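Given the structure is predicted, the values throughout are model-derived calculations rather than measurements. Below, chain A is the first sequence line, B the second, and so on; all start at residue 1.
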There are 2 protein chains.
Amino acid sequence: MTTDTKQARAGWREIRDEVRRRIHRRDWPPGELIPHETALAEEFGCARTTVNRALRSLAEDGLVDRRRKGGTRVALHPVRRAVLDIAIMRQEIEDTGATYGYRLVQSGIERPPANIPGGKGFDASCLHVVALHFANGAPYAVENRWIDGRLPGLDDAPFERISANEWLLENIPYTGGTLSFAAEQAAPDTARLLDIAAESPVLTLDRVTLDGDRVVTAVKLTYRAGHRFMARL
Amino acid sequence: MTTDTKQARAGWREIRDEVRRRIHRRDWPPGELIPHETALAEEFGCARTTVNRALRSLAEDGLVDRRRKGGTRVALHPVRRAVLDIAIMRQEIEDTGATYGYRLVQSGIERPPANIPGGKGFDASCLHVVALHFANGAPYAVENRWIDGRLPGLDDAPFERISANEWLLENIPYTGGTLSFAAEQAAPDTARLLDIAAESPVLTLDRVTLDGDRVVTAVKLTYRAGHRFMARL
DNA sequence: TTTGATATTATGTGCATACATAATCCAGAC
DNA sequence: GTCTGGATTATGTATGCACATAATATCAAA
């Protein structure tokens, strides 16, 4: 016959939220150590595992830094992570309700470019593909891509029909990569393809895809001005 | 006398990697159900908990979809998630090795703008702040910000000295927000501040910060062309 | 055929426990 | 004083178990 109030037992989400609240309220200011997992477990009346789950989640969000033996401290510079969903181009366009269109502009073996935004370069000769993506018949983005020439199945890939974007994602394994945005003036060819004035501002997305530490493909996508990439905090 | 080779016991990372490998190798093609946690646990000779940890991690990466009772299936459209680290401007600049500089351009109470890229608008009157961030003495980015006028402490905030960017992050709690990139032609004022030609392309980042569902602040950061935002896949 | 209650199933979460690992502290050797 | 190696400590991970929850499947009643 304990005086146990039988309050809803804390789940890891509640603990996470409560800790977040305390951090935001400055109960635990930036840079400060917060109580040990064991202490929190006792306070919340749950197992250490549960507290661990909560704190791990906050660490993934960048709100706290955790180190073995060092304990958990509130992140000094709360580097927020924004998450950006990258879909294949067709998906991206169809999601807006528009009809997707695709046209191959050129394709051929070439020496890869020297500089790739992500760092290293290609090992071998490359397939260079330029293509255009349409939304409701209007040019939407130019895809300018180099692909490692040694990828299996590349010779048979039907790039007249399917965008390299799509083919690669569905046929070639990769382990990671980098991605960068920039604003530029449209190059003449690109402007012509996008059907915009010669020096209009365009949004470019450079993506380098790696398999291990080998560059599989590098692509520059060029969007007309006005296009927006959305992410959530 | 089993033929047990006493191989290093599988940790959740190994399991995660092995599953990822199988998915990439198309052992389990997109859309396909993969074996149950229990089955995998048996195969890998570990507890279900461990498999759960691995699969959960893959689900967070968007590589698989999991549903109770429905099982785990390989994501049909492998929406990759790119993660973008957002630091405060000073940090961002100092990280490149440059010296940070800041100048307040204007500040005053104004009616908030009607359209905010993130969706809803402000409830009340706003503080409108325009400021410039410098890297090694050269203009780096323009910060054009609206702040909910009712935030506590706002009147005393020393925006001549500290950027709103920094002050807000360190003083005002928030729960989430959205963020979007676009390329534009620099508006005349902005071009002047950035010391670039009148219609140069610029990269803009619009950020809306929420606390619950109330808009705390909305900001447009304008970077000179050539600036890159990097993210990792 | 439809409906709705019920059983089944796969994942989700929590707990107690144990051990692993990294970082730090600290005593003792030199 | 400095260095080194072990004790200490907080987090990291794994396990077996139990029960929760959501979604489906099944089957009987209307």
* To do: Look at the side chain of A:T50 and decide which nucleotide, out of C:dC15, D:dG12, D:dA18, has an atom nearest to it.
  => C:dC15

* **Atom-pair distance (CZ on B:R67; C1' on D:dT24), nearest Å** => 10 Å

* **Sole candidate of B:Y102, B:Y223, B:F134 that passes ring pair (Phe, Tyr, Trp, His ring centres under 6.0 Å) when paired with B:Y140** => B:Y223

* To do: Spell out yes or no: do the side chain of A:R13 and the base of C:dG12 have one donor N/O and one acceptor N/O closer than 3.5 Å?
  => no

* **Protein-nucleotide distance (B:H36, atom NE2; D:dA22, atom P), rounded to Å** => 20 Å

* To do: Could you tell me whether B:R22 and B:E43 make a salt bridge, using a distance below 4.0 angstrom between a side-chain N and a carboxylate O?
  => yes

* To do: Measure from the side chain of A:K69, starting at C-beta and using heavy atoms only, and say which of C:dA10, D:dT9, C:dG14 lies closest.
  => D:dT9

* Please give, in whole Å, the distance from D:dT11 P to A:L40 CG? -> 8 Å

* Asked: A:R53 side chain N/O closer than 4.0 Å to the phosphate oxygens (OP1, OP2) of C:dT13?
  -> yes

* To do: Indicate yes or no for a side-chain donor-acceptor contact from A:N136 to the backbone of A:A138 under 3.5 Å, with no hydrogens or angles considered.
  => no

* Asked: Over how many whole Å does the gap from B:D65 atom CG to D:dA23 atom C1' extend?
  -> 15 Å

* May I ask you to verify if any side-chain N or O of B:R48 is less than 4.0 angstrom from the OP1 or OP2 atom of C:dT11? => no

* Phosphate OP1/OP2 of D:dG12: any A:N52 side-chain N/O under 4.0 Å -> yes

* Would you say the side chains of B:T217 and B:R145 form a donor-acceptor pair under 3.5 Å? -> yes

* **Nearest-Å distance for atom pair CD/C1', residues B:E37 and D:dG16** => 15 Å

* Verify the contact: side-chain N or O of B:T72 to OP1 or OP2 of C:dA10, cut-off strictly under 4.0 Å; return yes or no. => no

